[in-house]
Amino acid sequence: DMAELLKIESEITAFPKELFYRNRFEDTRQRENQVATRIQSWFRACKVRAYLSHLHKKAIIIQKTWRGFTARARVRQMVKAAYFIMKMNFYEEMAVRIQRRWRGFFQRKYIHNFYARKSYLEGIAAKNDLLRRELDELKKLQRRERDCLAMVKEQEAKVYQAQRLHHLISTKQCPGVFNSPFRQAPHEMELLLRQVKYQVPTRLAPRGRARPQGIPSPTALSFPGNLGSPWIKTSRTCCSRPVLSPITTKKQQQVQCPELMWGLETSYTYLEEAQNQLQQQETVRVPTETHTVYTHNDTPTHKIMLQKSYHIH
Amino acid sequence: MSMLRPLLLDVVPNIQQTAALALGRLADHSDDLAEAVVKEDILPQLVQSLASQNRFYKKAAAFVLRAVAKHSPELAQAVVACGGVDALVLCLEEFDPGVKEAAIWALGYIARHNAMLSQSVVDAGAVPLLVLCLLEPEIALKRIAASTLSDICKHTPELAQTVVDTGAIAHLAQMILNPDAKLKRQVFSALSQISKHSVSLAEMVIEAEIFPAALTSLRDQDEYVRKNVATLMREVVKHSPELSQVIINYGALSGVIDYVNDCRGNLRLPGIMMLGYLAAHSENLAMAVIISKGVPQLALCLSEESEHHIKAATVWSIGQIGHHTPEHAKVVATAHLLPKLLELYMDASSSEDLQAKSKKALKSILQKCTYVPGLEPLLYDAPSNILKHVVCQFSKVLPHDSKARRLFVTSGGLKKVQEIEAEPGSALQEHINTINNCFPEELVRYYTPGYSEALLERLDNYQSA
C-alpha cells in the first residue's frame with residue numbers, strides 16, 4: 001500500500017511530467033513536420049537534380065559528338081562543292097575568253113566584215129562612175145546622130161532648093177546670080193546648081209518619111225552581158241538619104257511612099273510588102289555612084305542592113 | 001443633139017459617119033454635152049451599129065464613146081452599162097489599125113477612172129487583145145495599148161496580176177529600146193504601175209531584165225520619159241532591200257542623182273522619193289546613197305524647190321538617210337542640213353505635213369548625231385522639244401571628248417546651256433547637270449547669267465580687313 005501509493009503519487013507527479021514529456025513536441029509538431037517535409041522534399045529534389053544533371057551531361061556528350069560528326073561531314077561536302085564551283089568558275093572564265101575571241105573573229109570576218117563593206121561601197125561608186133561614163137558616151141553618140149540627121153536634112157533642103165532654082169545657073173554668056181564676077185570663086189549654090197540634074201517637081205513629101213517604124217535607134221547601146229541583142233543597126237535609108245535622087249518614075253515613087261497609098265491599099269501586109277520592095281530598090285541602087293557632098297564617117301552607122309526579125313512579130 | 005440623132009440612122013453612110021464625128025466632138029468639148037449625149041440615149045444605138053458598120057463609122061463611134069467616157073466615172077459607167085465595152089472589144093479584133101487605136105483609146109479612158117470600171121474592161125476579155133496590139137508595127141497603136149495597160153494596172157494588184165499573166169511584161173520590156181519618146185513614156189508608166197503593187201510583181205518586172213537598158217532612158221531628151229523611168233525605179237525599190245540591191249548594182253544611183261540634178265519642180269519627186277526609200281531599207285544602202293553624193297544633191301533640192309510637198313519629200317528622204325548611225329548623221333550635219341530642217345519646222349508658213357516631217361526627221365537624226373559643230377547652231381534657236389534632244393546629245397558626247405569640251409566653251413555653247421531654263425527634275429535639267437559636271441565649277445559659275453552682278457554685290461559687301 002504505501003508503495004502503491006508512492007508509486008501512484010510518483011505516477012501522479014510523474015504523469016504530468018510524462019505527459020508533458022511525451023507531448024513536449026506537440027507545439028512544434030506541426031512545424032517540425034513541415035520542416036521534415038521540407039528537408040525531405042529538398043533532398044528528393046537534390047537526388048532528382050543530380051540524376052537530371054547526370055542525364056544532361058551524358059546527353060550533352062552524345063549530342064556534342066553527333067553534331068561534330070555531322071558538321072564535319074557537311075564541311076567536307078561544302079569544301080568539295082566550293083572546290084567544284086571554283087573549278088567551274090575557272091573553266092567558265094576560260095570558256096568566256098575563248099568564246100569572246102571566237103565571236104569577235106567570226107563577226108568581224110563574216111557578219112560585219114569591214115573590208116567587204118568597204119569594197120561593196122567602192123564597187124557601188126565604181127559602178128556609178130561606169131554608168132555615168134556610159135550614159136555620157138551615149139548622150140554624145142545621140143547628139144552626134146541628131147546633128148548628123150540635122151545636117152542631112154539641111155543638105156537635102158539645099159539640094160531641093162537647087163533643083164527648084166535650076167534656071168539660075170550661069171551660062172557661058174551670062175554669069176548667074178550666084179556666080180558674081182567680083183567673087184574669087186563661085187558660091188556653093190552655084191556649084192550645087194551645076195551638079196544637080198533637073199527633076200520634074202512632084203507634090204511628094206520629103207522621102208525621109210518612108211523610114212519603117214519600130215526600129216530602135218542606131219545608137220542603142222547594149223550593156224555587156226545584158227539584153228543580148230547585138231549592135232542594133234538601122235536601115236540603109238539613113239545613109240542614102242542625102243543621095244541625089246536619080247530620075248525615078250512615078251511608079252517607083254509610089255512604091256517608096258506607101259503612106260500616100262494608104263486609102264487605096266487595104267492589104268494587111270502592105271507595109272511588109274513596101275518594105276520588101278524598098279529593100280529591093282536599095283540593093284538595085286548600090287552600084288550607082290552616090291554624090292555625098294559631106295562626110296559623115298564618124299558615125300557608126302556606116303555599113304548597115306535591115307534587121308528583118310525585129311519588126312515582124 | 002436631138003437633131004443629130006436621126007442622122008445617125010441615115011441611109012447614106014457618109015452622113016452617118018459625119019454625124020457620129022460631130023457628136024464625138026461635141027461630147028469631147030465639155031462635161032454637160034457628154035451628159036446630154038448620154039441622156040438622149042444615143043449610146044445604145046451607137047453600140048449596136050458598132051458591130052455592123054464599116055471602119056470609118058467604127059472609128060467615129062469609138063471616138064464618141066471615148067469622148068463621153070473621159071469626163072467622169074459616172075459617164076464611163078453609162079458607157080459600160082449600154083454594152084460599150086463589149087462592142088469596143090469586138091472592134092479590137094478588126095484589121096484596121098485606126099479602128100483598133102480608137103477602140104483602145106476609148107477603153108483606156110474608161111479604165112482610167114476607178115477599179116470597178118477597169119475590172120469590167122478586163123472581164124470583157126480586152127487584155128489579151130491589148131497585148132497582141134502591143135506587137136503591131138504601128139507606133140500609135142503600141143502607144144495607146146501601153147497607155148491603156150498602164151491605166152488598167154494602176155488600180156489593184158489583182159488587175160495587175162491579170163495583165164502580167166497574159167505575158168505583157170516581156171513585150172513591154174522589148175519596147176524599151178524603141179526610139180519613139182511617147183511610146184517609151186507609156187511603156188515605163190505601165191511597168192511602174194505593174195510593179196507598184198507587190199513584191200512578186202516587182203520581181204517579175206525585174207526578171208524581164210529591163211534594167212541596164214532602162215537606165216539609158218534616164219538621159220533621154222523627153223523629160224516625161226525620164227520621169228517615168230524614175231517612177232519605175234521608185235516603185236521597184238520601195239518593196240525590199242534585195243530589189244534595191246539589184247538596181248544599185250547596175251549603177252542606178254548615179255543615174256538618179258544626175259536626173260534629180262538636171263530637172264526641176266515636180267519632175268524631181270520620183271527621184272527624191274527613190275533615194276528615200278532606198279535609204280529607209282538598211283544602213284548600208286543609206287551609206288551607198290551617201291557615197292554617191294546624194295546628200296549634197298538633196299540639200300540643193302531643198303534650197304531650190306519652193307513647193308511644200310516636194311520639200312516634205314526631200315526632208316523625209318534626208319531623215320531616212322541620217323537616222324541609221326552616227327556616221328550617217330555626221331554626213332547630214334556637215335551638209336548644214338540640221339539648221340535648215342529646224343528652220344522648216346519653225347516656219348509658220350510651212351504646211352502641216354512639212355512641219356511634221358521635218359520634226360520627225362530632225363528628231364531621228366539628232367538622236368544619232370554626235371558631231372558637235374553640227375549640233376551647236378541648233379542650241380540657239382530651237383524650241384524646247386528639239387532642244388532637249390540636242391542637249392541630250394551634248395551630254396553624251398562631252399564627258400568623253402576633251403577637245404570637244406574646249407570647243408564647246410570657246411564657241412559660247414556652255415554659256416547658252418546655262419541660259420536654258422529647265423524645270424528641276426526634268427530630263428533636260430539632268431542633261432544640263434551632266435554637262436555642267438564635265439566642266440570645273442568656276443567655269444560653270446563664270447557663265448551662269450547674273451554672275452557679274454553677283455560679283456559686284458560681293459564687291460559692295462566686302463570690307464577690307
Side-chain angles (χ1 to χ4, degrees), chain A residues 112-114 116-118 120-143 145-146 149 211-229 232 234 259 262-263 266-272 274-275 310-313, chain B residues 55-56 94-98 132-142 171 173-181 183-184 208-221 245 247-259 283-294:
Chain A
H112 293 294
N113 193 346
F114 172 73
R117 182 180 147 100
K118 184 165 165 193
Y120 161 74
L121 290 173
E122 279 173 4
I124 289 194
K127 288 213 180 86
N128 282 351
D129 287 330
L130 186 71
L131 185 76
R132 265 208 189 107
R133 268 180 288 143
E134 282 181 342
L135 286 183
D136 283 336
E137 278 174 29
L138 184 72
K139 199 162 185 176
K140 257 197 307 193
L141 275 172
Q142 278 179 345
R143 199 180 324 137
E145 191 209 341
R146 272 200 305 273
L149 282 174
R211 185 174 186 185
Q213 300 138 334
I215 298 185
S217 79
T219 53
L221 279 183
S222 65
F223 284 85
N226 292 321
L227 275 191
S229 43
I232 303 179
T234 59
E259 282 112 281
W262 189 282
T266 49
S267 143
Y268 182 58
T269 52
Y270 75 91
L271 193 62
E272 267 91 314
Q275 285 162 2
Y310 192 86
H311 50 265
I312 302 189
H313 292 288
Chain B
R55 56 198 168 93
F56 298 104
E94 283 273 317
F95 288 125
D96 182 45
L132 276 177
C133 289
L134 273 179
L135 304 171
E136 296 281 333
E138 288 84 22
I139 290 260
L141 210 45
K142 287 200 229 246
H171 301 128
Q174 274 178 343
M175 294 200 278
I176 288 183
L177 292 177
N178 200 301
D180 183 51
L183 177 60
K184 278 195 276 202
E209 298 194 15
I210 52 181
F211 251 95
L215 292 174
T216 64
S217 311
L218 265 181
R219 298 275 188 110
D220 200 276
Q221 292 287 83
Q245 194 55 52
I247 293 193
I248 288 189
N249 283 344
Y250 291 117
L253 272 173
S254 67
V256 171
I257 290 184
D258 290 341
Y259 162 69
E283 177 269 327
N284 45 1
L285 285 171
M287 193 46 112
V289 174
I290 290 178
I291 282 195
S292 325
K293 316 216 179 27

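Chain identifiers are assigned alphabetically (A, B, ...) following the order of the sequence lines, protein sequences preceding nucleic acid strands; residue numbering begins at 1 within each chain.
When every heavy atom of A/L135 is checked against every heavy atom of B/L215, the shortest pair comes out as CD2-O, 3.5 Å. Across all their heavy atoms, A/A125 and B/I291 have their closest contact at CB-CG2, 3.9 Å. For the residue pair B/S254 and A/N128, the shortest heavy atom distance occurs at OG-O, 2.9 Å. Of all heavy-atom pairs between A/K127 and B/Y250, the closest is CD-N, 4.4 Å.
Remark: A/Y120 OH is packed, more than 12 non-hydrogen atoms of other residues, nucleotides or ligands lying under 6.0 Å away.
Proximity of B/R219 to A/L138: side-chain heavy atoms (C-beta onward) are nowhere separated by under 4.5 Å. Residues B/E283 and A/R117 are in side-chain contact: their nearest non-hydrogen atoms beyond the backbone lie under 4.5 Å apart.
For chain B, the nearby part of A/I124 is the side chain; its heavy atoms alone come within less than 4.5 Å. Both the backbone and the side chain of B/L253 come within less than 4.5 Å of a heavy atom in chain A. For chain B, the nearby parts of A/R132 are the backbone and the side chain; heavy atoms of each come within less than 4.5 Å. Within the 4.5 angstrom heavy-atom criterion, atoms from both the backbone and the side chain of B/N249 approach chain A.
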>> Determine whether B/Q221 and A/R146 satisfy the following criterion, side chain to side chain contact (heavy atoms under 4.5 Å, CB included), listing intermediate values before the conclusion.
In response: CA-CA 11 Å; B/Q221 292 287 83; A/R146 272 200 305 273; 3.4 Å; yes
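B/D220 CG to A/Q142 CD: the interatomic distance, rounded to the nearest 0.5 Å, is 6.5 Å.
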